[in-house]
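Keep in mind that what you see is a predicted model, and the values were worked out from it rather than measured. Both counts, for ligands and for their atoms, begin at 1 and track the order of listing.
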Amino acid sequence: MLDLILRHCNLPDGRTGIDIGIADGRIAAVEPALAARAGEEIDAAGQLVTPPFVDAHFHMDSTLSYGLPRVNQSGTLLEGIALWGEVKPLLTQEAIVERALAYCDWAVARGLLAIRSHVDVCDARLLAVEALLHVRERVRPYLDLQLVAFPQDGVLRAPGALANLKRALDLGVDVVGGIPHFERTMAQGADSVRLLCELAAERGLRVDMHCDESDDPLSRHIETLASETVRLGLQGRVAGSHLTSMHSMDNYYVSKLIPLMCEAGVAAIANPLINITLQGRHDTYPRRRGMTRVPELMAAGVPVAFGHDCVMDPWYGLGSGDMLEVAHMGLHVAQMTGQAAMRSCFDAVTAAPARILGLEGYGLAPGCRADLVLLQARDPVEAIRLRATRLRVLRAGKTIATMPAATAALALPGRPAQADFLRGGGAA
Ligand code: FE2
């Protein structure tokens, strides 16, 4: 006897008419016409059931702080960093916790059940670190929060940053972060990469650095990050976030760089909403997009995820925790409009970041955690096209969020009473 069966599911890999049996919080069976019985059955009615969305790159300490104490007038990355410096002295632990919990509510409603968040460690009080460690425990029953010790002002450039970063790791922060392009010189940026990778190797931790987040075609920190990964045997545990300078790099140089990233097993995390708004700000026209080379990295076998990065903070005044909006933007910016390419964009907000974060039991195979999202869409491409409603979100087999199906009532002569957004593409 199972606890729950989801019947007639479409799966992200293209299988249709599949039943998913759940027992003790785990997936027990994935097959057509499952003969078993269960305490509860839900009819997915040919709609998509997927493991949850995963955000590989976020800043939960600054989220929902938009307008505090003022808005970013230029909209640039550097004014955002300066503005965050103004916000920091005003922060309280209670306010950070409250905003983070509110964001996690949004995330759960959107079927986003795992987030890797950077947390600024340059404030000697480590207020944000303590706040997010508290939040990590509070949300653990329904959301996996992984924290990255992020020296926003530069681990070498900011006084005390290295000591603060080590204290944050001692307190239980999961991942080593960095920001080499914000150090004083390219050489010091490379020194910071070496130092931080050595620290991660000593402590057996993963690495995720803000890396080459600029339009500088000569920025070379991802090369150093990949090389240090090989030197220290960190393959499969390191990610480079943003990598926007790769957009502007010389093609010959990139033809050497991408194989190096493959050799190092370094993952790439693009943040399409933020990259498209913050990069190219010094250009006139033509104006560069600034997102890293997503299809080329994917084709070479580099694991690629899309992150949300910011929601209503000093760098970005929009966003709502919707990883389908992120995938939608990534797809457009990278011109990934082929069928397989669009499915890869769905993968970049689900399975790919789950692997980068090292999530245990993620997926749709028997034995995996019964964390599932039922979408008002028939397949991943339709989910992205519609930024589909999350009809039901399950954590360990229990429903933790529902949302009514999106419908539009029409009053048009000789037309149906409802608009059917699921039509088209060979649909019935
Ligand atoms: Fe970031």
- side-chain hydrogen bond (donor to acceptor under 3.5 Å, both in side chains) between Glu79 and Ser74, worked out: CA-CA 7 Å; Glu79 185 176 342; Ser74 66; 2.5 Å; yes

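Among protein atoms, those of element N, O or S found less than 2.8 Å away from the Fe ion (ligand 1) are His57 NE2, His59 NE2, His210 NE2, Asp309 OD1.
Minimum heavy-atom separation, Thr76 to Leu278: C-CD2, 3.9 Å.
Considering only heavy atoms from C-beta on, Leu374 comes within 4.5 Å of Gln47 through its side chain.
Defined by atom type and a distance below 3.5 Å, a donor-acceptor pair is present between the side-chain atoms of Arg387 and His328. No donor-acceptor contact under 3.5 angstrom links the side chains of Asn164 and Arg125, judged on distance only.
Taking the six-membered ring where tryptophan is involved, the planes of Phe150 and His210 are essentially parallel, since the angle between them stays under 30° and well short of 60°.
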